[in-house]
Asker: 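Let me begin by handing over the structure; questions about it come next.
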Amino acid sequence: MRLLIQNNYDLLSKWVADYIADKIKKHQEKHSRPFVLGLPTGSSPIGTYRELIALHKNGQLSFNNVITFNMDEYVDLEETHPESYHSFMYHHFFDHIDIPRENINILDGNCEDLALECSQYEEKIKAVGGIDLFLGGIGTDGHIAFNEPGSSLSSRTRVKTLNTETRQVNSRFFDNDINKVPKLALTVGVGTVMDAKEVVVIVSGHQKARALHKAVEGGVSHMWTLSALQLHNKAMIVCDEDATIDLKVGTYKYFKDIERNNIEPEKGKELDKYLH
Ligand SMILES: N[C@@H]1[C@@H](O)[C@H](O)[C@@H](COP(=O)(O)O)O[C@@H]1O
């Protein structure tokens with residue numbers, strides 16, 4: 001697993017956006033089939049979305065041949081609610097790029113048969129050839145998508161009960177009232193994320209430091225579902241300095257050193273395949 005430490009959130013966001021743009025463009029040079037991109041919500045990817053939008057507006061990137069699958073959605077929160085992940089994605093990203101509407105996939109947390117919705121989502125991902133790159137964020141408890149501690153590391157898309165810590169943290173979007181935060185969500189599984197050809201996870205801020213420490217320095221554990229990335233053959237965590245405060249100095253220096261030894265700034269992206 002590659003751990004790339006950026007000086008701050010803005011640099012992190014720019015780096016991740018450039019990396020994704022590069023992947024999409026290279027894919028489009030070689031294949032006619034669409035690039036399949038997994039996407040998260042939350043504050044972590046907002047800067048990346050902003051940078052991707054800028055690349056699109058400058059004419060440097062098109063999403064015309066991109067299919068997206070979002071990671072998760074609350075159950076029983078109207079799509080039009082400002083805090084639904086549907087609203088979030090259109091507001092922060094889809095409304096500003098040229099992606100065809102029919103290429104956007106977000107789980108429907110209001111449908112009659114939630115289990116069917118989840119199994120069909122998995123089928124849909126398979127039908128388009130799997131996810132080329134899954135972008136993710138994490139919760140303070142180390143969850144990826146909504147795979148809370150204790151989630152099976154081979155889990156698939158399903159209904160998940162949210163724990164109190166997550167609901168407390170997310171209550172900032174619901175007038176700081178935990179009672180307004182849904183108790184259930186639909187989420188892709190850890191196994192769904194692990195099936196992606198590549199996974200890139202953004203970890204930003206002090207509040208994520210413990211989870212980063214567990215995922216990088218601890219063993220693989222269902223209690224810190226991000227740690228499953230240790231078993232992925234092309235996974236990268238991109239974090240900022242603030243998120244590294246619980247890492248051992250030696251670990252921090254080790255990952256910095258690897259990047260210094262292997263990356264020339266302009267050639268870094270071409271060399272990334274050697275760095276996992
Ligand atoms: N389900 C989402 C996660 O996918 C996201 O990673 C997390 C972190 O959010 P933030 O980036 O705002 O810290 O929030 C929610 O719990």
Side-chain angles (χ1 to χ4, degrees), residues 13 16-42 44-74 77-82 84-111 114 116-137 144-146 156-158 185-189 191-202 234:
S13 302
V16 173
D18 285 348
Y19 186 84
I20 293 171
D22 209 57
K23 291 277 162 180
I24 293 174
K25 284 191 243 175
K26 290 221 169 86
H27 176 96
Q28 286 171 346
E29 281 162 19
K30 282 195 223 140
H31 309 277
S32 56
R33 75 167 178 88
F35 186 84
V36 185
L37 182 61
L39 293 174
T41 55
S44 306
I46 288 179
T48 300
Y49 292 151
R50 186 187 62 223
E51 297 293 339
L52 285 170
I53 291 165
L55 288 171
H56 168 65
K57 300 244 192 248
N58 293 340
Q60 293 172 58
L61 180 63
S62 170
F63 294 86
N64 197 32
N65 201 23
V66 173
I67 293 179
T68 62
F69 285 89
N70 260 86
M71 289 190 138
D72 44 20
E73 176 57 288
Y74 291 114
L77 189 70
E78 313 83 72
E79 266 182 41
T80 52
H81 189 289
S84 80
Y85 289 170
H86 279 77
S87 298
F88 176 98
M89 287 307 300
Y90 281 88
H91 177 69
H92 289 286
F93 196 38
F94 297 143
D95 280 343
H96 314 282
I97 58 171
D98 62 342
I99 187 165
R101 289 301 178 251
E102 63 275 16
N103 286 8
I104 296 170
N105 297 282
I106 308 180
L107 285 155
D108 178 2
N110 292 295
C111 67
L114 295 173
L116 182 65
E117 170 70 6
C118 293
S119 60
Q120 286 178 341
Y121 207 65
E122 289 278 340
E123 290 307 316
K124 223 169 174 184
I125 293 173
K126 253 190 233 147
V128 296
I131 291 178
D132 290 303
L133 188 154
F134 222 135
L135 179 67
I144 182 149
F146 264 135
R156 312 303 311 186
T157 305
R158 68 207 184 291
L186 301 186
T187 179
V188 295
T192 321
V193 176
M194 293 293 282
D195 280 354
K197 294 173 191 97
E198 175 166 12
V199 183
V200 176
V201 174
I202 297 170
K234 195 165 170 59

Asker: If we ignore hydrogens and angles and just use 3.5 Å, is the side chain of Asn65 paired with the main-chain N or O of Ser32 as donor and acceptor?
Answerer: yes

Asker: In Å and rounded to the nearest 0.5 Å, what is the CD1 to CG distance from Ile106 to Leu39?
Answerer: 9.0 Å

Asker: Got a sec, which residues hit salt bridge (Lys or Arg N to Asp or Glu O under 4.0 Å) with Lys124, two or more places apart in sequence or on another chain?
Answerer: none

Asker: Can you tell which of Lys30, Arg33, Lys234 makes a salt bridge (Lys or Arg N to Asp or Glu O under 4.0 Å) with Asp132?
Answerer: Arg33

Asker: Assign the ring pair Tyr85 / Phe88 to parallel, tilted or perpendicular, where the plane angle (0 to 90°) is split at 30° and 60°.
Answerer: perpendicular

Asker: Any side-chain heavy-atom pair from Phe69 and Val188 closer than 4.5 angstrom?
Answerer: no

Asker: Between side-chain atoms of residues 44-55 and protein atoms elsewhere (two or more places apart, or another chain), which donor-acceptor pairs fall under 3.5 Å?
Answerer:
from	atom 1	to	atom 2	distance (Å)
Tyr49	OH	Pro40	O	2.6

Asker: Using a strict 4.0 Å threshold on nitrogen-to-oxygen distance, state whether Lys26 and Glu29 make a salt bridge.
Answerer: no

Asker: Kindly give the heavy-atom pair with the smallest separation between Ser87 and Pro82, and that separation in Å.
Answerer: CB-O, 3.6 Å

Asker: Taking the side chain as C-beta and beyond, is there a heavy-atom pair between Lys197 and Ile131 under 4.5 Å?
Answerer: no

Asker: Looking at side-chain heavy atoms only, is the closest gap between Val66 and Gln28 below 4.5 Å?
Answerer: yes

Asker: Can you find a heavy atom in the side chain of Tyr19 that is under 4.5 Å from one in the side chain of Leu135?
Answerer: no

Asker: In Å and rounded to the nearest 0.5 Å, what is the CZ to CG distance from Phe63 to Leu37?
Answerer: 7.5 Å

Asker: Among residues at least two apart in sequence or on other chains, which ones pass salt bridge (Lys or Arg N to Asp or Glu O under 4.0 Å) with Arg156?
Answerer: Glu122, Asp195

Asker: Restricting to ring pair (Phe, Tyr, Trp, His ring centres under 6.0 Å), what partner residues turn up for His27, sequence neighbours left out?
Answerer: His31, Phe35

Asker: Could you note down all residue pairs passing salt bridge (charged side-chain N to carboxylate O under 4.0 Å, His left out) where residues 85-95 supplies at least one of them, sequence neighbours left out?
Answerer: Asp95-Arg101

Asker: Could you tell me which non-hydrogen atom of His86 sits nearest to which non-hydrogen atom of Glu73, and how far apart they are?
Answerer: ND1-OE2, 2.6 Å

Asker: Taking the side chain as C-beta and beyond, is there a heavy-atom pair between His56 and His96 under 4.5 Å?
Answerer: no

Asker: Would you name the heavy atoms of Ala21 and Leu61 that are closest together and state the gap between them?
Answerer: CB-CD2, 3.8 Å

Asker: Can you measure from CG (Leu186) to CZ (Arg158) and round to the nearest 0.5 angstrom?
Answerer: 10.5 Å

Asker: How far apart are the closest heavy atoms of Ile104 and Ile99, and which atoms are they?
Answerer: CD1-CG2, 3.8 Å

Asker: Apply side chain to side chain contact (heavy atoms under 4.5 Å, CB included) to Asn64 and list each qualifying residue two or more places apart in sequence or on a separate chain.
Answerer: Ser62, Asp98, Pro100

Asker: Are Thr41 and Met89 packed together at the side-chain level, in the sense that at least one heavy-atom pair is separated by less than 4.5 angstrom?
Answerer: yes

Asker: Supply the atom-to-atom distance Ser84 OG to Asn110 CG, rounded to the nearest 0.5 angstrom.
Answerer: 8.5 Å

Asker: Working to the nearest 0.5 angstrom, can you tell me the gap between Ile24 CD1 and Leu133 CG?
Answerer: 8.5 Å

Asker: A side-chain contact here means heavy atoms from C-beta on lying under 4.5 Å apart; do Thr192 and Tyr121 qualify?
Answerer: no

Asker: Any side-chain heavy atom of Asp108 sitting closer than 4.5 Å to one from Glu79?
Answerer: yes

Asker: Start with the C-alpha gap between Phe146 and Tyr74, add the side-chain angles, then the distance that decides, and say whether ring pair (Phe, Tyr, Trp, His ring centres under 6.0 Å) holds.
Answerer: CA-CA 10 Å; Phe146 264 135; Tyr74 291 114; 5.7 Å; yes

Asker: How long is the gap from CG on Asn105 to CD on Gln120, to the nearest 0.5 Å?
Answerer: 11.5 Å

